[in-house]
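None of these values were measured; they are calculated from a predicted model.
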Protein chains: 2
Amino acid sequence: MRDMEKDKIALVLVGHGSVLAYNREMIEALANMIKERGVYDIVEHSFLQLNEPLLEDVLMGLASNGVGKIVVSPVFIAKGVHTTSDITEVIAKVKKKNPEIRIGYAEPFGADPRIVDILLDRAREAALQIE
Amino acid sequence: MRDMEKDKIALVLVGHGSVLAYNREMIEALANMIKERGVYDIVEHSFLQLNEPLLEDVLMGLASNGVGKIVVSPVFIAKGVHTTSDITEVIAKVKKKNPEIRIGYAEPFGADPRIVDILLDRAREAALQIE
């Protein structure tokens, strides 16, 4: 079982976390939508702070289950302190404790045309309130 | 000129702001991409904190130029304290000073399938690092 797991790539979403429930609910919803796409055998969600499970705990759990390859996907709009320092520090800590594990780190969304599509859809709905 | 402006809807993006340059650069890039779509005559970008111009200053500037309808579009992934309190407080303040202005407030991105597409693209790129 341990050897089989080693060839799989696990996808771990990491969200910002929030004192309100919206961020947690959205990260959970995105994880479910990604599971439904069927691209990754293992899809987990996690948070940097304020909500559970925390990124470090999810990564350590996968490592202790023998998962050898993990992609960490930040659910963040742009690079910033959270993506360039906070998340990378957690990844470095997990790698130090599990030298054999291989972790890829995905870029945040960036200025993608699909973000523009979403912004224009949301703006159109809001414009109906004032027209 | 003042009357003509009143029929237009101005779109105002509002980003989180960051001590690093990435968030500012992304919000500026998104504003330019939206301008290129040609849907709104006026497209402005702004920040809640840490970067300029601030949302309040952009809204006050539009109001003083006679723009009567504005859609505020939060460049945020999910609802949270910033979108349900901080931004709405700025909008309420501007409305109080300019009772004639009409401001629509757009939803954040939410768990949109296009976000899933972006996450899977970024994850695929990151997986190449470890395969």
Side-chain angles (χ1 to χ4, degrees), chain A residues 9 11 13 15-16 18-20 22-30 32-34 36-37 39-40 68-81 83-84 102-131, chain B residues 9 11 13 15-16 18-30 32-34 36-37 39-40 69-81 83-84 102-131:
Chain A
I9 293 186
L11 181 69
L13 297 183
H16 184 280
S18 172
V19 291
L20 303 181
Y22 304 110
N23 184 266
R24 180 179 56 73
E25 288 167 358
M26 172 156 170
I27 302 297
E28 288 170 356
L30 287 173
N32 285 330
M33 290 163 82
I34 288 177
E36 282 168 15
R37 299 283 183 104
V39 182
Y40 292 89
K69 293 178 181 175
I70 300 171
V71 168
V72 174
S73 281
V75 186
F76 284 75
I77 290 171
K79 283 184 186 174
V81 178
T83 66
T84 62
R102 298 173 69 185
I103 301 180
Y105 183 36
E107 295 282 317
F109 303 165
D112 191 287
R114 290 165 289 192
I115 297 290
V116 173
D117 296 337
I118 294 171
L119 283 168
L120 288 174
D121 282 355
R122 302 289 175 269
R124 192 185 312 115
E125 293 152 12
L128 296 175
Q129 301 163 11
I130 56 171
E131 274 179 318
Chain B
I9 293 184
L11 181 69
L13 296 184
H16 184 280
S18 172
V19 291
L20 302 181
Y22 305 110
N23 185 266
R24 180 179 57 72
E25 288 167 358
M26 172 157 170
I27 301 297
E28 288 170 357
L30 288 173
N32 285 330
M33 290 163 82
I34 289 177
E36 282 167 15
R37 299 281 183 106
V39 182
Y40 292 89
K69 292 178 182 174
I70 300 171
V71 168
V72 174
S73 281
V75 187
F76 284 75
I77 289 171
K79 284 184 185 174
V81 178
T83 66
T84 62
R102 297 172 70 185
I103 301 180
Y105 183 36
E107 295 282 319
F109 304 164
D112 192 287
R114 290 165 291 192
I115 297 290
V116 173
D117 296 336
I118 293 171
L119 283 168
L120 287 175
D121 283 355
R122 301 289 175 269
R124 192 183 313 115
E125 292 151 13
L128 296 176
Q129 301 163 12
I130 54 170
E131 272 178 320

Shortest non-hydrogen contact between A:Tyr22 and B:Thr84, atoms and distance | CE1-CG2, 4.2 Å

For the pair A:Arg102 (side chain) and B:Ile130 (backbone), establish whether a donor and an acceptor sit closer than 3.5 Å, ignoring hydrogens and angles.
-> yes

Looking only at heavy atoms, which two atoms of B:Arg124 and A:Tyr40 are closest? And how far apart?
-> N-OH, 3.9 Å

Checking A:Leu128 against chain B: side chain, backbone, both or neither under 4.5 Å from a heavy atom?
-> neither

Shortest non-hydrogen separation from B:Ala126 to A:Val71 and the atoms involved | CB-CG1, 3.9 Å

For the residue pair B:Asp121 and A:Arg114, establish whether any side-chain heavy-atom pair is separated by less than 4.5 Å.
-> yes

B:Arg122 side chain vs A:Glu107 backbone, donor-acceptor pair below 3.5 Å | no

More than 12 heavy atoms of other groups within 6.0 Å of A:Tyr105 OH | yes

Non-hydrogen atoms of A:Asn23 and B:Ala78 that approach each other most closely | CA-CB, 4.1 Å

Measure distances from B:Pro108 to the heavy atoms of chain A and classify the residue's part below 4.5 Å as side chain, backbone, both or neither.
-> backbone

Side chain / backbone / both / neither for B:Val72 at chain A, heavy atoms under 4.5 Å = neither

Residue pair B:Ala111 / A:Leu30: nearest heavy atoms and the distance that separates them = CA-CD2, 4.0 Å

If you count heavy-atom pairs under 4.5 Å between each of B:Ile34, B:Ile115, B:Val39 and chain A, which one has the most?
-> B:Ile115

Counting heavy-atom pairs under 4.5 angstrom with chain A, the leader among B:Leu11, B:Val81, B:Thr83, B:Leu13 is B:Val81

Per-residue contact mode, B:Ile27 against chain A (heavy atom under 4.5 angstrom) = neither

Bottom line for A:Asn32: the part with an atom under 4.5 Å from chain B's heavy atoms is neither

Take A:Asp117 and B:Met33, measure what side chain to side chain contact (heavy atoms under 4.5 Å, CB included) needs, and give me the verdict at the end.
-> CA-CA 10 Å; A:Asp117 296 337; B:Met33 290 163 82; over 6 Å; no

Among B:Ser73, B:Gly110, B:Ala127, B:Pro74, which has the most heavy-atom pairs under 4.5 Å with chain A?
-> B:Gly110

